[in-house]
Amino acid sequence: MPKVDIKDIFREKEKFLGRPLRLEGWVRTVRDLKAFGFIELNDGTFFNSLQVVFDENLANFKEIAKLTLSSAIAVEGILAESPGEKQPFELKAEKIEVLSLCPTDYPLQKKRHSFEYLRTIAHLRPRTNTYAAVFRLRSLLAYAIHRFFQERGFVYVHTPIITGSDAEGAGEMFRVSTLSLNSPPRTEDGEVDFSQDFFGKETNLTVSGQLNGEAYCLAFNKIYTFGPTFRAENSNTARHAAEFWMIEPEIAFAELRDDMQLAEDMMKYLIRYALEQAPEEMAFCNNFIDKGLFERLQNIVDSEFGHVTYTEAIEILQKSKEEFTYPVAWGSDLQTEHERYLTEKVFKKPVFVTGYPKDIKAFYMRLNEDNKTVAAMDLLVPGVGEIIGGSQREERLEVLERRMDELGLKKEDYWWYLELRKFGGVKHAGYGLGFERLIMYLTGISNIRDVIPFPRTVNNCEF
RNA sequence: UCCUCGAUAGCUCAAUGGUGGAGCAACCGGCUGUUAACCGGUAGGUUGCAGGUUCGAGUCCUGCUCGGGGAGCCA
């Protein structure tokens with residue numbers, strides 16, 4: 001008797017109707033009556049479960065009727081059309097073998113659990129509908145990202161996880177060291193002597209692959225990175241994690257508008273891919289997590305993203321009747337409340353904000369003609385906030401060096417980065433997309449801890 | 001790190017400073033097409049931890065731990 005994946009039955013039911021099949025999976029629920037009963041069986045291959053019907057003809061009928069949630073069974077029977085309304089077909093069991101009987105103190109029940117509770121059982125939560133949907137989508141979207149860039153001729157670059165660059169400037173870093181924490185070697189003036197450490201210098205986990213990515217961009221023209229990123233910020237919010245995944249494309253012979261066009265094309269591609277490839281999961285998200293999800297996503301696929309300069313955004317905010325907690329003034333960064341107002345109230349769709357003051361942005365962003373702003377862009381989306389941050393890079397060696405001097409950065413630390421400008425440097429641009437924030441946006445999940453299998457946040461590294 | 005709210009049965013939540021309850025889950029039974037099945041019954045508790053006030057604390061006070069929401073930082 002052929003063993004079948006439940007996904008294949010749902011996708012090609014004609015092939016299986018009326019035929020004997022063997023299924024192996026876990027019991028999601030049992031409803032038993034006097035002489036027969038129903039089992040919802042999920043084998044993990046598909047979002048939906050398959051209904052198994054069993055009756056007293058089974059030798060072990062009583063045992064089966066008392067099956068507990070998450071017990072594993074093997075069922076042999078005939079696939080038939082179902083008289084019930086909620087499923088198109090069902091398996092009429094002729095034989096059910098119990099592979100693993102689950103104890104009754106199983107923490108998941110046939111009811112809604114809070115996200116907070118499920119986070120405490122991160123090893124079991126992928127068995128729930130919500131997490132089954134979210135994490136299958138996460139897998140599909142990772143694949144879709146590779147497809148999007150590969151179809152366009154981008155080269156996938158594995159930038160290093162361990163970095164010796166101590167000033168990437170994107171936040172607090174996790175130190176990587178093999179020195180003894182209790183008694184590290186010291187230099188003559190009492191400082192820790194990192195020359196005796198594994199790499200002979202201070203090293204950390206990467207906060208961004210961008211600088212390395214630029215080197216490969218200026219060889220391959222179009223590249224992207226996709227890997228884990230680490231930030232040791234003591235930040236406790238629904239959209240920050242200490243370990244997360246980031247996508248960082250970088251394109252040569254390109255300006256900021258090319259960068260934004262790429263970001264917009266990518267976002268639309270990924271949304272379409274999710275809707276086409278995971279219709280059951282997306283429908284579940286739309287029904288149970290975020291009622292307005294489909295409408296919002298469709299609106300994005302169908303429309304152009306908004307564009308506004310930082311200076312215009314400040315004017316819009318200053319003219320608005322909205323009462324903000326923080327003052328709006330040219331020169332200071334936009335607060336979360338300002339960003340939300342722009343994307344949720346003014347534009348009601350994703351919006352690029354460009355041309356930020358140079359003083360609030362990184363040293364490598366290209367200085368504009370006005371000498372006050374840089375060619376930076378942030379993509380803000382409703383509900384999540386900043387999902388992409390990018391810029392055209394400063395390709396003019398003398399301007400870049402001047403900026404580094406102004407900011408007190410040591411040029412010798414960046415010698416190879418500067419050589420990228422010296423040897424065949426050209427206009428180029430790129431951005432960073434937070435993978436988890438993308439998943440949040442596409443599923444409606446509002447906490448980053450619920451889109452990472454085993455999230456790492458401040459004070460939490462369980463599992 | 002700051003502000004704010006919270007922690008009571010396995011889960012989700014009630015309980016005026018005065019005998020800690022309900023729904024769901026579990027367990028036992030009933031039910032010939034169920035759909036988070038339904039109906040009846042049984043059992044289930046050091047009220048997050050440590051102190052304090054009080055005749056008496058789940059409830060008030062202090063500290064701590066953990067969690068939610070918001071902020072900063074950012075993707």
Side-chain angles (χ1 to χ4, degrees), chain A residues 28-40 48-56 65-66 68-69 80 82-87 90 92 102-121 128-129 168-172 206-210 226 228-248 263 288 324-326 332-340 360-362 378-381 384-390 431-441 446-452 457-460 462:
Chain A
R28 279 290 175 83
T29 171
V30 181
R31 293 179 291 271
D32 75 292
L33 292 92
K34 190 176 186 178
F36 62 97
F38 305 88
I39 295 171
E40 274 177 37
N48 295 357
S49 299
L50 192 131
Q51 176 162 286
V52 173
V53 190
F54 62 97
D55 60 28
E56 286 180 309
K66 291 175 74 173
T68 47
L69 261 60
S82 174
E85 287 181 6
K86 301 216 171 175
Q87 61 281 323
E90 61 195 16
K92 306 266 190 204
C102 187
T104 56
D105 59 351
Y106 182 58
L108 290 171
Q109 298 162 22
K110 289 188 281 188
K111 57 168 274 187
R112 216 187 115 80
H113 289 287
S114 65
F115 286 129
E116 292 81 8
Y117 171 66
L118 291 166
R119 278 173 214 150
T120 69
I121 49 170
T128 64
N129 286 335
E168 289 183 16
E172 295 294 313
T206 183
V207 291
S208 165
Q210 182 200 316
F226 184 11
T229 309
F230 307 88
R231 305 263 169 104
E233 299 287 350
N234 184 8
S235 62
N236 218 318
T237 79
R239 58 184 195 285
H240 286 88
E243 177 182 309
F244 64 99
W245 284 59
M246 188 154 67
I247 296 102
E248 295 180 289
F288 294 102
F324 295 114
T325 309
Y326 292 88
S332 57
D333 211 351
L334 297 178
Q335 301 293 317
T336 297
E337 59 174 349
H338 305 146
E339 294 181 343
R340 292 191 60 160
I360 58 173
K361 287 293 181 182
D378 281 358
L379 179 63
L380 312 178
V381 298
V384 175
E386 186 182 340
I387 197 169
I388 284 175
Y431 60 82
L433 165 72
F435 186 47
E436 284 76 14
R437 290 186 183 177
L438 172 78
I439 299 166
M440 290 166 73
Y441 189 53
S446 57
N447 195 310
I448 197 168
R449 294 168 183 84
D450 299 319
V451 298
I452 303 179
T457 52
V458 182
N459 264 318
N460 183 9
E462 192 65 40

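Quick note on labels: first sequence line is chain A, next is B, and so on, each numbered from 1. Just so it is clear, the structure is predicted and the values come from calculations on it, not from any experiment.
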Check your understanding: Considering only the P atoms, how many Å lie between A50(B) and U65(B), rounded to the nearest integer?
Key -> 15 Å
Point to revise | Atom-pair distance (CD on Glu172(A); P on C73(B)), nearest Å | key: 14 Å
Check your understanding: Side-chain N or O of Asn460(A) less than 4.0 angstrom from OP1 or OP2 on C66(B)?
Key -> no
Check your understanding: Which heavy-atom pair separates Gln51(A) from Gln87(A) by the least distance, and what is that distance?
Key -> NE2-NE2, 3.5 Å
Check your understanding: How close or far is atom P of C11(B) from atom NE2 of His113(A), stated in whole angstroms?
Key -> 9 Å
Exercise for review: Give Tyr326(A) one of three labels, base, sugar-phosphate or nothing, depending on what nucleic acid heavy atoms sit under 4.0 Å from its own.
Suggested key: sugar-phosphate
**Study point:** U19(B) and U59(B), which share atom name C1', separated by this distance in whole Å
**Key:** 16 Å
Review point. When you match Val458(A) and His240(A) each to their closest nucleotide on RNA chain B, which lands nearer the 5' end?
Key: Val458(A)
Practice item. Treating a pair as Watson-Crick (purine N1 to pyrimidine N3 plus N6-O4 or O6-N4) or G-U wobble (N1-O2 and O6-N3) with both distances under 3.5 Å, list the stems of 3 or more consecutive pairs that involve RNA chain B. Key: B:1-7 with B:65-71, B:10-13 with B:21-24, B:26-30 with B:38-42, B:48-52 with B:60-64
Review point. What does Ser235(A) touch in the nucleic acid at a heavy-atom separation under 4.0 angstrom: a base, only the sugar-phosphate, or nothing?
Key: base
Exercise for review: Report yes if a side-chain nitrogen or oxygen of Gln335(A) is closer than 4.0 Å to either non-bridging phosphate oxygen (OP1 or OP2) of G72(B); otherwise report no.
Suggested key: yes
Review point. Expressed as a whole number of Å, how far does the C1' atom of G30(B) sit from that of U16(B)?
Key: 42 Å
Check your understanding: Do the ring planes of Tyr117(A) and His113(A) sit parallel (below 30°), tilted (30 to 60°) or perpendicular (above 60°)?
Key -> tilted
**Study point:** Side-chain N,O (Arg119(A)) to OP1/OP2 (G68(B)) below 4.0 Å
**Key:** yes
Check your understanding: So, is Lys111(A) near the phosphate of C24(B), with a side-chain N or O under 4.0 Å from OP1 or OP2?
Key -> no
Review point. Think Thr104(A) has a side-chain N or O under 4.0 angstrom from the OP1 or OP2 of G10(B)?
Key: no
**Study point:** Presence of Lys110(A) side-chain N/O under 4.0 Å of G23(B) phosphate oxygens OP1/OP2
**Key:** no
Could you write out each protein N or O paired with an N or O of nucleotides 3-6 of chain B at a distance under 3.5 Å?
none

Check your understanding: Can you check ring-ring contact (aromatic ring centres under 6.0 Å, His included) on Phe324(A) and His338(A), steps first, answer last?
Key -> CA-CA 8 Å; Phe324(A) 295 114; His338(A) 305 146; 4.9 Å; yes
Check your understanding: Distance between the P atoms of G18(B) and A57(B), in whole angstroms?
Key -> 11 Å
Check your understanding: If we take the P atom in both G6(B) and G63(B), what is their distance in whole Å?
Key -> 16 Å
**Study point:** Any Lys66(A) side-chain N or O less than 4.0 Å from OP1/OP2 of C28(B)
**Key:** yes
Practice item. Under 4.0 Å between any heavy atoms, over every strand shown, what does Asp55(A) touch: base, sugar-phosphate, or nothing? Just pick one. Key: nothing
Listed pairs, N/O of protein and of nucleotides 39-49 of chain B, under 3.5 Å:
none

Review point. Hey, does Gly84(A) reach any base, or is it just sugar-phosphate, or nothing, if we go heavy atoms under 4.0 Å?
Key: base
